[in-house]
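In what follows, residues are counted from 1 in the order of the sequence shown. Bear in mind the structure is a predicted one, so any value in this text is a computation, not a measurement. Just so you know, ligand 1 is whichever comes first in the structure, and atom 1 is the first atom listed for that ligand.
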Amino acid sequence: MMRDVSTADELLRYRTEFPILERTTYLISNSLGAMPRGVYEAMRGYADEWATRGVRAWEEKWWMLAAEVGDEIGSLMNAPGSSVSTHQNVTTCQAIVASCFDFSGARNKVVYSDMNFPSIMYFWEAQQARGARVHMVKTDDGVTVPTERLLDAIDEHTLLVPISHVIFRSAYINDARAIIEKAHRVGALVVLDTFQSLGTVPVDVQALNVDFACGGVLKWLCGGPGVAYLYVRPDLGRQLKPTFTGWMAHREPFDFEIGPIRYTDPPYRFMNGTPNVPALEAARPGLKIVREAGVAQIRAKSLRQTSRLIELADQHGWRVNTPRDPERRGGTVSIDMPNSHEVCRRLLTRDVLVDWRPQAGVRMSPHFYNTDAELETAMATVEEIRREWPVAAR
Ligand SMILES: Cc1ncc(COP(=O)(O)O)c(C=O)c1O
């Protein structure tokens with residue numbers, strides 16, 4: 001008998017909020033979360049404010065927006081109020097963090113894993129010109145991060161450990177707690193990239209005692225491109241002086257003082273120039289839905305659905321490049337079948353939206369709005385595509 005758990009799935013009540021779900025099998029929230037229909041209204045509201053309030057919109061709403069949205073994001077990771085600033089992307093967040101430190105002394109080592117998102121590596125590699133010494137720990141299997149080797153690399157010369165919470169390629173969940181504990185024992189600080197965790201895997205910045213956390217809203221938070229967040233541990237936040245700074249970080253920005261900056265308090269202390277107002281407005285409907293749905297509920301469903309995808313991949317004999325241990329698995333299942341890149345292309349033409357990454361395969365990422373039936377559809381479509389190939393190429 002067919003199991004129909006989807007009728008009991010409370011989270012499916014949000015399906016109607018996402019127009020694209022009516023037309024596609026949307027399994028790509030690890031890359032771009034579906035757009036909530038509330039974004040239409042948010043964008044209209046923004047245009048109306050600009051059209052009717054003009055420059056007064058800054059004082060009435062826009063100036064505060066960057067911090068308000070920061071708090072909305074912060075509430076999803078148990079961040080205290082005013083500890084989260086908003087920016088355009090995560091690479092910029094790294095630059096803000098880096099600008100708080102001096103790499104000319106003996107403590108100038110930056111330790112990370114080669115499973116980080118490449119943009120983060122490109123940024124830190126480039127900081128070698130400023131004196132940073134990069135130590136990159138290599139993966140053994142292309143799926144996991146060798147925790148012991150990473151911990152051993154974090155020593156008294158280590159300044160920063162920029163590391164992904166969940167690995168984008170494989171959905172492996174790093175042992176953030178162990179990494180942070182080791183870093184603190186030797187006087188180093190951790191910059192946790194929660195892009196692939198926040199919204200699908202629980203994150204509690206206070207329980208972790210992490211120093212910095214950053215990510216964007218366009219994936220699991222359904223917030224669209226153009227908004228990233230930077231959490232700074234409040235005691236650190238009051239002391240650090242980012243040199244990548246600007247008038248938003250000034251104690252009296254509207255005095256337009258000449259000379260060096262006088263820093264204000266977080267979160268504006270970590271901002272610099274004019275914020276991306278339309279993107280901040282577009283981010284709010286998704287954040288509201290994820291908050292209402294609840295990350296604990298989303299995580300429980302994600303574990304059930306990713307398990308099912310692994311089960312189906314096993315039945316077909318396809319390689320799973322994602323941890324089987326649910327404790328160590330985020331919201332994505334990377335499946336490498338023969339010709340997986342071409343399979344991915346053909347899935348897109350059949351409205352099964354997924355993506356493909358080297359050393360990973362086809363990434364499938366069910367989110368709270370996906371039905372169980374969609375998982376079966378996606379995998380059946382892969383099989384159908386593969387049947388079109390001559391036997392030798394399968
Ligand atoms: C873990 C992780 N970090 C960072 C990024 C992107 O960084 P940025 O916001 O600078 O484009 C991604 C994906 O786009 C990611 O998966």
Minimum-distance protein heavy atom relative to [atom]:
atom: atom 1 (C) of ligand 1; answer: Asp193 OD2, 3.3 Å
atom: atom 9 (O) of ligand 1; answer: Val90 N, 2.8 Å
atom: atom 10 (O) of ligand 1; answer: Thr91 OG1, 2.5 Å
atom: atom 15 (C) of ligand 1; answer: Phe117 CD1, 3.5 Å
atom: atom 11 (O) of ligand 1; answer: Asn89 CB, 4.2 Å
atom: atom 16 (O) of ligand 1; answer: Gln196 NE2, 3.1 Å

| field | Check: Ile120 N/O within less than 3.5 Å of ligand 1 N/O | value |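 In fact, backbone or side chain, Ile120 has no N or O that close.
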| message | At less than 4.0 angstrom from any non-hydrogen atom of Phe168, what atoms of ligand 1 do you find? | response |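 Near Phe168, the atoms of ligand 1 are 16 (O).
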| field | Donor + acceptor pair across side chains of Gln196, Asn30 (<3.5 Å) | value |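 Gln196 vs Asn30: no donor-acceptor pair found between side chains.
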| Residue pair His367 / Ser29, side-chain donor-acceptor N/O under 3.5 Å |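 No pair is found: no donor N or O on one side chain lies under 3.5 Å from an acceptor on the other.
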| Which class fits the ring pair Phe256 and Phe254: parallel under 30°, tilted 30 to 60°, perpendicular over 60°? |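 Because their plane-to-plane angle is over 60°, the rings of Phe256 and Phe254 count as perpendicular.
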| request: Anything under 30° is parallel, anything over 60° is perpendicular, the rest tilted; go ahead and classify Trp62 against Tyr46. | output: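 Ring orientation, 0 to 90° scale: tilted.
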| message | Counting the benzene-type ring for Trp, do Tyr14 and Tyr369 have ring centres under 6.0 Å apart? | response |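 Between Tyr369 and Tyr14, which both carry aromatic rings, the centre distance is not below 6.0 Å.
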| field | Cation-pi geometry met for Lys241 and Tyr263 (6.0 Å, 45°) | value |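 So Lys241 doesn't make the cation-pi contact.
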| field | Test: Lys138 and Asp114 ion pair at under 4.0 Å | value |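 Answer for the salt bridge query: no.
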| query | Do any heavy atoms of Lys219 fall under 4.0 Å from ligand 1? | reply |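 A heavy atom of Lys219 does come that close to ligand 1.
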